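Quick notes on the structure that follows.
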2 protein chains.
Amino acid sequence: MTDHLPLKLEHFLPYRLSVLSNTISQGIAREYHTRFGLSITEWRAMAVLARFDKSKLSARQVAERTAMDKVAISRAVGKLVARSLVNRKMHQDDRRRSVLALTPKGWFIHNQVAPLARGYEREVLKKLNSEEQVWLNRILDKLSPL
Amino acid sequence: MTDHLPLKLEHFLPYRLSVLSNTISQGIAREYHTRFGLSITEWRAMAVLARFDKSKLSARQVAERTAMDKVAISRAVGKLVARSLVNRKMHQDDRRRSVLALTPKGWFIHNQVAPLARGYEREVLKKLNSEEQVWLNRILDKLSPL
DNA sequence: TGGTTATAGTTTCAATTGCAACTATTAGCA
DNA sequence: TGCTAATAGTTGCAATTGAAACTATAACCA
């Protein structure tokens with residue numbers, strides 16, 4: 001076994017993914033943080049509330065859809081409610097659940113951040129030709145259910 | 001422009017990369033954290049010191065090689081020194097610089113963590129056939145200099 | 001030289017996060 | 001029913017992180 005030999009971090013998949021992912025996420029996040037005062041968690045919560053607007057999601061559902069834990073979502077939603085970007089009601093049939101939705105003010109901000117995020121994604125994908133983009137999606141599909 | 005339409009997070013590249021990368025990194029990190037009490041930063045510093053053993057790196061060089069900031073490295077190295085996993089001397093010609101190297105005890109732990117990390121990477125790559133693995137590397141090469 | 005600027009690394013303090021404990025409510029079932 | 005277990009969400013506290021300020025040393029240059 002030569003398994004104990006030093007790793008070459010720059011060829012080590014988990015490290016490369018981590019650096020790439022952080023670079024991209026922080027690049028977008030810095031922009032919407034300075035312009036709109038949103039954290040990553042807050043923006044993700046807004047994004048799923050926008051997408052599933054009709055379904056009136058609960059905090060737990062937001063947590064599932066954003067792959068974040070419920071404490072993070074609780075705090076993020078708390079701030080969004082305090083800023084009147086999200087409206088929180090109690091579920092009629094299950095008084096434990098919350099019923100969340102973007103306010104008009106929340107939609108207004110969402111509609112500015114969404115293109116910004118899309119634009120950044122486009123910038124990244126520009127570095128790949130269309131064949132590579134297809135492979136990347138296929139690879140992410142295969143790796144994602146880890 | 002329809003750019004303001006809600007994002008589908010599950011198809012949004014930065015989000016997918018972030019979830020995948022966190023899943024992988026935390027999977028490995030939990031293992032070496034419970035077994036050896038190392039944080040991700042600490043392990044990365046050790047990995048770099050192992051790889052460039054001969055060069056006697058400074059903290060700044062470790063920071064560059066691990067893509068972490070100098071404050072994080074300063075703290076990580078501080079803990080590693082406290083645990084006698086890393087030896088820290090002052091550079092002879094430039095007394096600002098530190099000269100870092102793994103101790104035998106540090107090597108002993110490194111030699112256990114390295115195979116663990118490699119094994120985890122193998123597990124991940126097992127989900128891809130060799131053609132996909134080649135494409136993944138090519139894609140990461142093209143995206144990495146962001 | 002000497003005076004300014006730059007660099008290496010640490011420290012400080014506030015903000016963020018992560019985990020466990022907690023409250024309130026509902027579900028399951030004998 | 002009434003008791004126990006499960007679920008939704010919040011809170012508290014300790015640990016981690018991030019940004020700026022700070023110390024010490026070296027480099028630059030008039």
Side-chain angles (χ1 to χ4, degrees), chain A residues 18-19 21-23 25-27 29-34 37-45 48-49 55-83 86-101, chain B residues 18-19 21-23 25-27 29-34 37-45 48-49 55-83 86-101:
Chain A
S18 165
V19 171
S21 162
N22 288 341
T23 306
S25 286
Q26 290 179 6
R30 187 180 31 205
E31 182 93 1
Y32 59 66
H33 183 261
T34 59
L38 294 172
S39 72
I40 292 187
T41 312
E42 284 157 30
W43 162 245
R44 284 190 186 166
V48 305
L49 289 177
S55 338
K56 299 296 184 212
L57 299 184
S58 70
R60 196 181 66 82
Q61 292 171 306
V62 172
E64 283 170 2
R65 295 277 184 187
T66 53
M68 322 223 48
D69 77 286
K70 63 177 184 171
V71 176
I73 293 300
S74 170
R75 292 199 256 241
V77 168
K79 287 189 188 172
L80 295 172
V81 169
R83 290 179 61 189
V86 164
N87 183 270
R88 173 164 49 190
K89 293 188 307 184
M90 185 178 274
H91 188 100
Q92 288 216 323
D93 301 339
D94 183 345
R95 290 146 45 80
R96 292 171 304 183
R97 267 191 253 175
S98 52
V99 178
L100 304 169
Chain B
S18 165
V19 171
S21 162
N22 289 340
T23 306
S25 286
Q26 291 179 6
R30 188 181 30 208
E31 182 92 2
Y32 61 64
H33 183 262
T34 59
L38 294 172
S39 72
I40 292 187
T41 312
E42 284 158 29
W43 162 245
R44 285 191 186 165
V48 167
L49 289 176
S55 339
K56 299 296 184 210
L57 299 184
S58 69
R60 197 181 66 82
Q61 292 172 306
V62 172
E64 283 170 2
R65 296 278 185 186
T66 54
M68 323 224 46
D69 77 287
K70 64 178 184 170
V71 176
I73 293 300
S74 171
R75 291 199 258 239
V77 168
K79 286 189 189 172
L80 294 171
V81 169
R83 289 178 62 188
V86 164
N87 183 270
R88 172 164 51 189
K89 293 188 307 184
M90 185 178 274
H91 188 101
Q92 288 218 322
D93 301 338
D94 183 345
R95 291 149 42 81
R96 292 171 304 183
R97 268 191 253 176
S98 53
V99 179
L100 303 170

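None of the values given here were measured: they were computed from a predicted structure. Heavy atoms only: backbone and side chains are in, while hydrogens, waters and symmetry mates are out. First the proteins, then the strands, lettered A, B, ... as listed; each starts at 1.
For the pair V62(B) and L100(B), the tightest heavy-atom approach, listed with the atom from each and the gap, is CG2-CD1, 4.2 Å. The shortest heavy-atom contact between A76(A) and E42(A) is CB-CG, 3.8 Å. A59(A) and S98(A) make their closest contact through N-OG, 3.5 Å (heavy atoms, listed as atom of the first residue, atom of the second, distance). Summarising the geometry of I40(B) relative to Y32(B), their closest heavy-atom pair is CA-OH, 3.4 Å, with the distance given to 0.1 Å.
Residues S18(B) and R44(A) are in side-chain contact: their nearest non-hydrogen atoms beyond the backbone lie under 4.5 Å apart. The shortest side-chain heavy-atom distance between T41(A) and T66(A) does not fall under the 4.5 Å cut-off. Taking 4.5 Å as the limit, every side-chain heavy atom of R65(B) sits out of range of all side-chain heavy atoms of I73(B).
For dA8(D), one of the phosphate oxygens OP1 or OP2 lies less than 4.0 angstrom from a side-chain nitrogen or oxygen of R60(A). Using a 4.0 Å cut-off, no side-chain N or O of S58(A) falls inside it from OP1 or OP2 of dA8(D).
Nucleotides of DNA chain C that come within less than 4.0 Å of any heavy atom of chain A span, from the 5' end to the 3' end, dT16(C) to dT26(C).
Non-hydrogen atoms lying under 4.0 Å from DNA chain D are contributed by V71(B), R75(B), K79(B), all within residues 67-83 of chain B.
Rounded to an integer number of Å, the gap from CE of M90(A) to C1' of dA8(D) is 11 Å. Atom CD in Q26(A) sits roughly 13 Å away from atom P in dT17(D) (whole-Å rounding).
A donor-acceptor pair under 3.5 Å is formed between the side chain of T34(B) and the backbone N or O of R30(B).
In this structure, S98(B) reaches the sugar-phosphate backbone alone: every heavy-atom distance under 4.0 Å involves primed, P, OP1 or OP2 atoms, never a base.
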